[in-house]
Colleague: 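First the structure, then my questions, so here it is.
Source: prediction; values computed, not measured.
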Amino acid sequence: MEREELDLHQERLQRVAALLKVSGARRVLDLGCGSGGLLQYLLREPQFEQLVGLELSGELLAQAKMRFETLSDEIRSRLELVCGSYADPPGHLAGFDAAAMVETIEHVPPASLSRVEHAIFAGLRPRVLVLTTPNREFNPLYGLAPGEFREPDHKFEWERARFAGWAKGVASRNGYRVSLSGIGEWHSDLGQPTQLARFERNDCQAV
């Protein structure tokens with residue numbers, strides 16, 4: 001990973017962790033937790049009493065377990081790593097205070113987006129969900145050709161208007177409100193390299 005992308009990755013994790021902290025959440029899901037980068041930030045905060053990382057890739061989950069194996073028993077007791085898909089999540093993950101989806105929605109085949117939406121927003125129904133995804137408009141500044149994605153496994157990358165339309169539709173259909181922002185270097189025409197949506201259930205008081 002190039003230095004610029006590495007810095008942006010850490011900035012994403014820090015921003016999401018900060019938003020989860022100010023939400024007041026104590027029980028948090030990391031949906032598509034990968035090797036545990038976000039969970040590492042969250043474990044530093046005693047506020048988070050229960051953290052669950054859900055990851056489909058056994059290889060990435062193994063990396064996450066290795067990342068945390070040197071932590072004290074007290075800290076590790078707050079963490080659970082689960083092998084599974086957020087398109088069909090385990091029932092015991094419903095009703096958490098908050099959830100995060102960091103750079104993971106773009107790995108979902110477009111035909112499966114409705115299924116994922118239903119599973120997360122109608123099924124798990126966290127009070128708050130923070131989601132990030134690449135801003136396709138920024139890709140030329142990374143030297144990418146038209147239609148080229150930032151990672152080979154990405155199934156799509158949305159421009160800002162498309163992402164906003166999707167996020168607002170998800171919120172409207174599932175009883176959430178959503179606010180949109182970005183992460184990373186600001187460009188007057190292209191926006192920021194990472195897009196962020198913060199969803200909050202309508203039956204919860206805004207923080």
Colleague: Any donor and acceptor pair, going by atom type alone, linking the side chain of Ser112 with main-chain N or O of Arg115 inside 3.5 Å?
Modeller: no

Colleague: If I take atom CG from residue Leu61 and atom CE from residue Met66, how far apart are they, to the nearest 0.5 angstrom?
Modeller: 12.5 Å

Colleague: Give a yes-or-no answer on whether the side chains of Tyr41 and Gln10 include a donor-acceptor pair shorter than 3.5 Å.
Modeller: yes

Colleague: Say whether Leu131 and Val128 are linked into one hydrophobic cluster, either directly or through other cluster members, by side-chain heavy-atom distances under 4.5 angstrom.
Modeller: no

Colleague: Establish, from distance only, whether the side-chain atoms of Asn135 and Gln192 form a donor-acceptor pair under 3.5 Å.
Modeller: no

Colleague: I would like to know whether Leu113 and Ile105 meet side-chain contact (heavy atoms from CB on, under 4.5 Å); could you show each step before the answer?
Modeller: CA-CA 8 Å; Leu113 283 172; Ile105 193 70; 3.8 Å; yes

Colleague: Test of understanding: clusters of I, L, V, M, F, W, Y form through side-chain heavy atoms closer than 4.5 Å, transitively. Do Val170 and Leu31 belong to the same one?
Modeller: yes

Colleague: Look at the rings of Phe199 and Trp166 and say which category their plane angle falls in: under 30° parallel, 30 to 60° tilted, over 60° perpendicular.
Modeller: perpendicular

Colleague: Any chain of hydrophobic side-chain contacts (each under 4.5 Å) joining Leu51 to Leu19?
Modeller: yes

Colleague: Check whether Arg125 reaches the backbone of Phe121 with its side chain - one donor and one acceptor, N or O, closer than 3.5 Å.
Modeller: yes

Colleague: If you take all heavy atoms of Leu54 and Cys83, which pair is closest and at what distance?
Modeller: CD1-C, 4.3 Å

Colleague: Establish, from distance only, whether the side-chain atoms of Arg78 and Gln50 form a donor-acceptor pair under 3.5 Å.
Modeller: no

Colleague: What are the two closest non-hydrogen atoms of Ala197 and Val178, and how far apart are they?
Modeller: CB-CG2, 3.9 Å

Colleague: For Glu74, is there any backbone N or O sitting under 3.5 Å from a side-chain donor or acceptor partner on Ser77?
Modeller: yes

Colleague: Taking atom NE2 of His187 and atom CD of Glu137, what is their separation to the nearest 0.5 Å?
Modeller: 11.0 Å

Colleague: Should we say atom NE2 of His107 is surrounded by more than 12 heavy atoms from elsewhere, each under 6.0 Å from it?
Modeller: yes

Colleague: Give, for atom CD of Glu45 and atom CG of Leu43, the distance between the pair rounded to the nearest 0.5 Å.
Modeller: 10.0 Å

Colleague: Using modelled atom types and a 3.5 Å cut-off, is there a donor and acceptor pairing between side-chain atoms of Arg127 and backbone atoms of Ser23?
Modeller: yes

Colleague: Would you compute the distance between atom CG of Leu124 and atom CG of Leu29 and round it to the nearest 0.5 angstrom?
Modeller: 6.5 Å

Colleague: Step by step, work out the side-chain contact (heavy atoms from CB on, under 4.5 Å) result for Arg15 and Leu196.
Modeller: CA-CA 10 Å; Arg15 173 73 68 81; Leu196 184 147; 3.9 Å; yes

Colleague: With respect to Tyr86, which candidate in Leu56, Val108, Leu93 satisfies the side-chain contact (heavy atoms from CB on, under 4.5 Å) definition?
Modeller: Val108

Colleague: I need the Asp30 CG to Leu38 CG distance, nearest 0.5 Å.
Modeller: 4.5 Å

Colleague: According to a hydrophobic-cluster definition based on side-chain heavy atoms being under 4.5 Å apart (Ile, Leu, Val, Met, Phe, Trp, Tyr only), do Val102 and Trp158 belong together?
Modeller: no

Colleague: Identify the heavy atoms of Ala64 and Gly36 that sit nearest to each other, and give their distance.
Modeller: CB-N, 4.1 Å

Colleague: Tell me whether the count of non-hydrogen atoms from other residues, nucleotides or ligands lying under 6.0 Å of NZ in Lys155 goes above 12.
Modeller: yes

Colleague: Going by atom types only, do Asn174 and Glu117 share a side-chain donor-acceptor pair under 3.5 Å?
Modeller: yes

Colleague: Under 3.5 Å, is there a donor-acceptor pair between the side chain of Glu106 and the main chain of Phe156?
Modeller: no

Colleague: Going by atom types alone, do Ser179 and Arg198 pair a side-chain donor with an acceptor below 3.5 Å?
Modeller: no

Colleague: Taking all heavy atoms of His154 and all of Pro134, pick out the closest pair and write down the distance.
Modeller: CE1-CG, 3.9 Å

Colleague: Would you say the side-chain atoms of Glu11 pair up with the backbone N or O of Leu8, donor to acceptor, closer than 3.5 Å?
Modeller: no

Colleague: How close do Arg67 and Ser35 get, counting heavy atoms only, and between which atoms?
Modeller: NE-O, 2.7 Å

Colleague: Does the side chain of Gln195 come under 3.5 Å of the side chain of Thr133 through a donor N or O and an acceptor N or O?
Modeller: no

Colleague: Could you tell me if the side chain of Val28 sits less than 4.5 Å from the side chain of Asp97, heavy atoms only?
Modeller: no

Colleague: Phe138 pairs by side-chain contact (heavy atoms from CB on, under 4.5 Å) with which of Glu157, Glu159, Arg160, Arg150?
Modeller: Arg150

Colleague: Could you pull out the closest heavy-atom pair between Leu81 and Phe68, with the gap in Å?
Modeller: CD1-CD1, 4.4 Å

Colleague: Mark yes or no for whether Gln47, through its side chain, and Lys21, through its backbone, hold a donor-acceptor pair below 3.5 Å.
Modeller: yes

Colleague: Rounded to the nearest 0.5 Å, how far apart are CZ of Arg76 and CD of Glu80?
Modeller: 14.0 Å

Colleague: Find out if a path of hydrophobic residues (ILVMFWY) with successive side-chain heavy-atom gaps under 4.5 Å connects Leu13 to Val16.
Modeller: yes

